[in-house]
Every structure is written in C-alpha cells, then in structure tokens.
Protein chains: 2
Amino acid sequence: MTWTNPTDPVHNRRMSIVRSPDPAPGFAPIAPDAAGMPLYRAVRRALLRSIEEGKLPPGAALPNETDLAAAFDVAVGTLRRAVDDLVAEHILVRRQGRGTFVATHTRDRFLFQFFHVERSDGLREAPAVELLSFERIRMDEDAAAALATRAGTPAFQIENRLKLQGTAVVHDRIVIPAALFRGLTEKRVRERPSTIYHLYQSEFGVTVVRARERLSAVAADRAIARALGVPPGVPVLQVRRTAIALGGRPVEYRVSTIVTTAHDYVNQLSRPS
Amino acid sequence: MTWTNPTDPVHNRRMSIVRSPDPAPGFAPIAPDAAGMPLYRAVRRALLRSIEEGKLPPGAALPNETDLAAAFDVAVGTLRRAVDDLVAEHILVRRQGRGTFVATHTRDRFLFQFFHVERSDGLREAPAVELLSFERIRMDEDAAAALATRAGTPAFQIENRLKLQGTAVVHDRIVIPAALFRGLTEKRVRERPSTIYHLYQSEFGVTVVRARERLSAVAADRAIARALGVPPGVPVLQVRRTAIALGGRPVEYRVSTIVTTAHDYVNQLSRPS
DNA sequence: TCGTCCATGTCATCTATATGACTTGGTTGA
DNA sequence: TCAACCAAGTCATATAGATGACATGGACGA
C-alpha cells in the first residue's frame, strides 16, 4: 500500500515521518530559511559540503532523487534544481537510468574543460605528456600571488612538455603548494595513470572545478625555446592559469607556453544549448 | 469564480478553450510530438523563430508566462524551462516584476560577453574606439572560409583602434558580408551610438549571439605596429573571431591584435553559479 | 505639489505527482 | 548454453497550482 505524507499547512513542507531504514543516511533536513537564501541554493550548498568533506567521494553515487529529496525535506523539483546547478559546473554527473555521481577527472573531461589547444585546421587530439622536471621549490611572487600566499612558501614545481602528433607544442610549468600535496613524489607524478588533475583528486582529495586564465604573447626565452624546439625570440602564447578547487581555494598556478605556428588556443564565447 | 480547464486524459494537455481576446496573439500551440524532441525544446525553437522572424524584435516584451504557456498549450513550468535556456544564452533577459524581454546589445553585455581584454592588474574598462578605415573589399580566403562563402565575395572591412586609459592596445580588422549589411556607410559606423554589435542588431536585424575564437601569438607586422605604436616584430596576441548570429549563420570575421605588455586576454573556465 | 501607500502584474521559488526513457540484471525458454 | 524478454530502479519530462518577491503606476492624504 502506498500513501502520501501529511503536510504542514503553514510551511507546506513534509513533516518528519521516519521510515525504516533511512533511505538516505547522512543528509539532514535543510533549515526552512537558510539566511534568506533560496531553498535550492541551500540544498546545493549542503551537497557541496558533503562532497568537500568526503562524505561523497569522487565517483560516488548519490541516493536517488526521491530519497535524497526526502532526506533534505524538500520537493524533488527543488532537489533537481540544486543538482542541475552542480551538473552545469561539472561537479556532478547524471546518467539516465543509472544515477547521479560525483564527477571524476577523466581524460575526456580534462580535454573538454581545461585543454584548449588544437591544430589550426581544427583537429583536436589528446596531448602526449612528457615530464621534464620535478622539484621542490619556494614560490616566486607570481605563483604566491595567484595562490593567495606569500613568496617563499614551499611548493612543488613540475615541468611538462606536451606533444601533438609527435611535435612539441606546449610547455607547462606547474606550481602547487607543498602543504596541499604532502608526500608527492616524482615517481607518483611520472606513473600517474591519468591526468594530473585526476592525480590531485584521487590521491590528495583536491578537486579542481574551475580556473581563471590570463593570456599574453611573449618572445620565447632560451629555456622554453630549447624545450619546444623553436628559435629563441619566436612569439609564443603564454597562458597563466590559476586553478580553483572545490572549496573555492586556488590550488595550482600553471604557466603554459604554446607554439602557435600550427596550433591555436580556441575559445567558445557562449555555447549553444 | 475560477475553474480549471478540462484536460485530455490521453495527452494530459489542455484542450483548446478560447477566451477573448487572445492574451498572446501570434503564438500557435506546439505540436505534441515535434520530431521526438522534448516539448521544452520545441517551445524554445518556436520562441527563437519568433525572434528571428522579427515578430519579437530586440527589446520587445514577451507575453507573461501564464498567457504564453497557454498560447503554446504547455504548462508554465515547461515554458519556463525553454525561457531558462534562452536566458542562459543571453537571447532573452528576465527582470523580476517587469517581464521577460528580447535581449539587446548593450555596452555592458558587449563588455561582459565579447570583450576579454583587461589590464594586467585586473582593472576592467570599456575601450575607447577609434575608426581607422572603412572600405568595400572582396573577401580574402580566411574571411571567406570563416563566413562560409567564397573568396571574392563583396564585403565591408572596418579597422578600429581601441584605447584603454589613453594607450592603444587593440587593433581590430572586421569583415562583414555586404549582402547582410546593405546600405552600411562609414558615416553610420562612425556615428553609431553604441557598440558595433548594437548597430548590426538595430539597423540590420543581425543579432550576434555567440562566437568562436582562435588565438595565436605572432610578430607585429609593420601596419599593426604603426597603428598600435609598438616596434615591428614585437610579439602580439592575435584573436581570430567568427561571430554567429541568431539563425546560426556566421556574420562577422574579426581579427583582433592585442598588445599584451600591460594587458591580458582573460578567460574563465567554468564559471561558479 | 509631492510623497506615501497600495493594488496589480510580473517573475521566482516550491510543492506534488504522473508518465516516459534508459540501464541493469535476472528469469525464462528454446 | 545463450539469447530474448522482463521487472525494477533511475533520471527526464511535463503538468498544476500555491506562495513570495519585486516593480510600477495610480490613489490618496498632508
């Protein structure tokens, strides 16, 4: 037999009638008025916090919509609205018929969201990454400013060379705070099975969700020129990226240098829906 | 007295009961099954076509949600879903308490959506535009390819110099098909009251909704160097933009050349919601 | 005259529910 | 053994309506 829960006529919210067992444990009802914020925003925040705290690790399945809505004590439509937002931010992934999952940093996602270099004729391809160096350093002024800390803060610096169709196209210098990545070694970087963002996520609980980039054109210095096999002084595209993790904290400063003789950095202004 | 419309038990859609006068004239009911497309997509398309055909000119107010939903013979929630999409694409603008309007190309929108240059310290500012030349030309290969036509097609070419804080930072070469902009004159370009995209929209019914950009680093040639007041050969950022109008047709090819000694091209990968 | 209040119309949020589409895994039958 | 089928669980779409927030313009009173 099925029946509907009685509702509170004042707040029009389901009253707490407990069924056993709790179909979605660990999710508390949302306060009716969470700081004047719309309910779906409060639900979004609650979900985000569950992810940040590791209650929902990457790849985990969320409870189904009905149960989760009941646990939060909101309507399914409201829950869906919150989940919609997180899906749009690539923090959750929905699969019809399967469920809703915490997003993981797959190669495809990296390519789509964070790798914008393609050949001039439009061909897109996954780059072959080659580790050039791995060092413990102290941050310079630029990295420190981007990472909201002070110059001299201990960090790891990783240099990569990226090849497309066998030719070196991109040089990356990556700076990440040592405090966030305790125990990182060259071996772990070298032997990572997937992208470096996947490594951050799976090994250190750091999930990159977005980034700001500043692009400029510069002349290739001697080191870059050598790494990329071009004459020094050639105009190259410099991309300075600050990557932001789940909590909103900057976690990576990356300077990508791109040879744009046969490749471009592509950008889509306002995608069609 | 209020009453609800009877519903068709098979399709669960409101039966056509005409009230006088029609509160939302010009909007026909959506076919129940428009090519297997979800209903809200069909509604979105119907709205788009009304805009493209000029039935809803820029700045026009849509009928209110209830009336419009009734005219399309869909639920308000379904209409809202369609409108949500168009708002996300900056094609419609909602103003709570006022209504929903067809978006116009304001200066703010241009800055936000299509102008990505800012000073290295993060200061954003509207550029001062200076018209350098206005010519009738025939398209070169690049422009023709971008605009999906043949080299030699008649076009207008506009050269602009953009200044930020008094210093020249950007040079634009804009190519637009003459066929789409009949009657355009240097005077009209020079005396436009707002952005050039606003001119396209208000004078020629061409509404730019999105763009693809390809960025590369090049050495400034003599002409660019003179226009921007830098030595020839200096590395500059070249942005080749193809702007897409409402129907999905490419309508503008633009090559922006940016001096990045004190400025950057900024890009946001996945905005927070 | 001018400012305050309020009625009205709009979008924004939220609930509740029904039905369809898709995926998975087990059952059934040749 | 194995392929076809089917049931259950999930998200996707759609409806209907209630309530709140916001903007505007007119009525009203000092």
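Small disclaimer: the values here were computed from a predicted structure and weren't measured. Naming: A, B, ... by sequence-line order, numbering from 1 per chain. Because only heavy atoms are used, hydrogens play no part in the values below, and waters and symmetry mates are left out as well, while side chains stay in.
Remark: A:Thr106 pairs with A:Thr104, A:Asp108, A:Arg109 by the side-chain contact (heavy atoms from CB on, under 4.5 Å) rule, at least two apart or across chains.
Summary of the strand contacts: A:Thr66 and B:Leu79 both lie near DNA chain D, and taking for each the nucleotide with the nearest heavy atom, the more 5' one is attributed to A:Thr66.
Atom-to-atom, CG of A:Leu62 to C1' of D:dT10 comes out at 12 Å; the value is rounded to the nearest Å. Rounded to an integer number of Å, the gap from CG of B:Asn64 to C1' of C:dG9 is 8 Å. B:Arg80 has its CZ atom 15 Å from the C1' atom of C:dT15, to the nearest Å. Atom CG in A:Leu68 sits about 18 Å away from atom P in D:dG9, given to the nearest Å. Computed from coordinates, the B:Arg44 CZ to D:dT13 P distance equals 14 Å when rounded to whole Å.
No side-chain donor from either of A:Ser270 and B:Glu89 sits under 3.5 Å from a side-chain acceptor of the other. Side-chain atoms of B:Glu213 and B:Tyr265 include a donor-acceptor pair closer than 3.5 Å.
One finds a side-chain N or O of A:Thr100 lying less than 4.0 angstrom from the OP1 or OP2 phosphate oxygen of D:dC11. Remark: A:Tyr40 is not in phosphate contact with C:dC14, judged by side-chain N or O atoms under 4.0 Å from OP1 or OP2. For C:dT13, the OP1/OP2 oxygens have no side-chain nitrogen or oxygen of A:Thr78 closer than 4.0 Å.
When the nucleotides C:dT13, C:dC11, D:dC11 are ranked by their closest atom to the side chain of A:Arg81, C:dT13 comes out on top. Of all nucleotides listed (C:dT15, D:dT15, C:dA12), D:dT15 comes nearest to the side chain of B:Ala75. Side-chain atoms of A:Arg98 lie closest to C:dT24 of the nucleotides C:dA12, D:dT15, C:dT24. Comparing C:dT17, D:dA14, D:dT10 by their closest approach to the side chain of B:Leu39 singles out D:dA14.
Under 3.5 Å, the side chain of B:Gln96 and the base of D:dA21 form at least one donor-acceptor pair of N or O atoms.
With A:Leu68 as the partner, the side-chain contact (heavy atoms from CB on, under 4.5 Å) test is satisfied by one option alone out of A:Val43, A:Leu47, A:Val76: A:Leu47.
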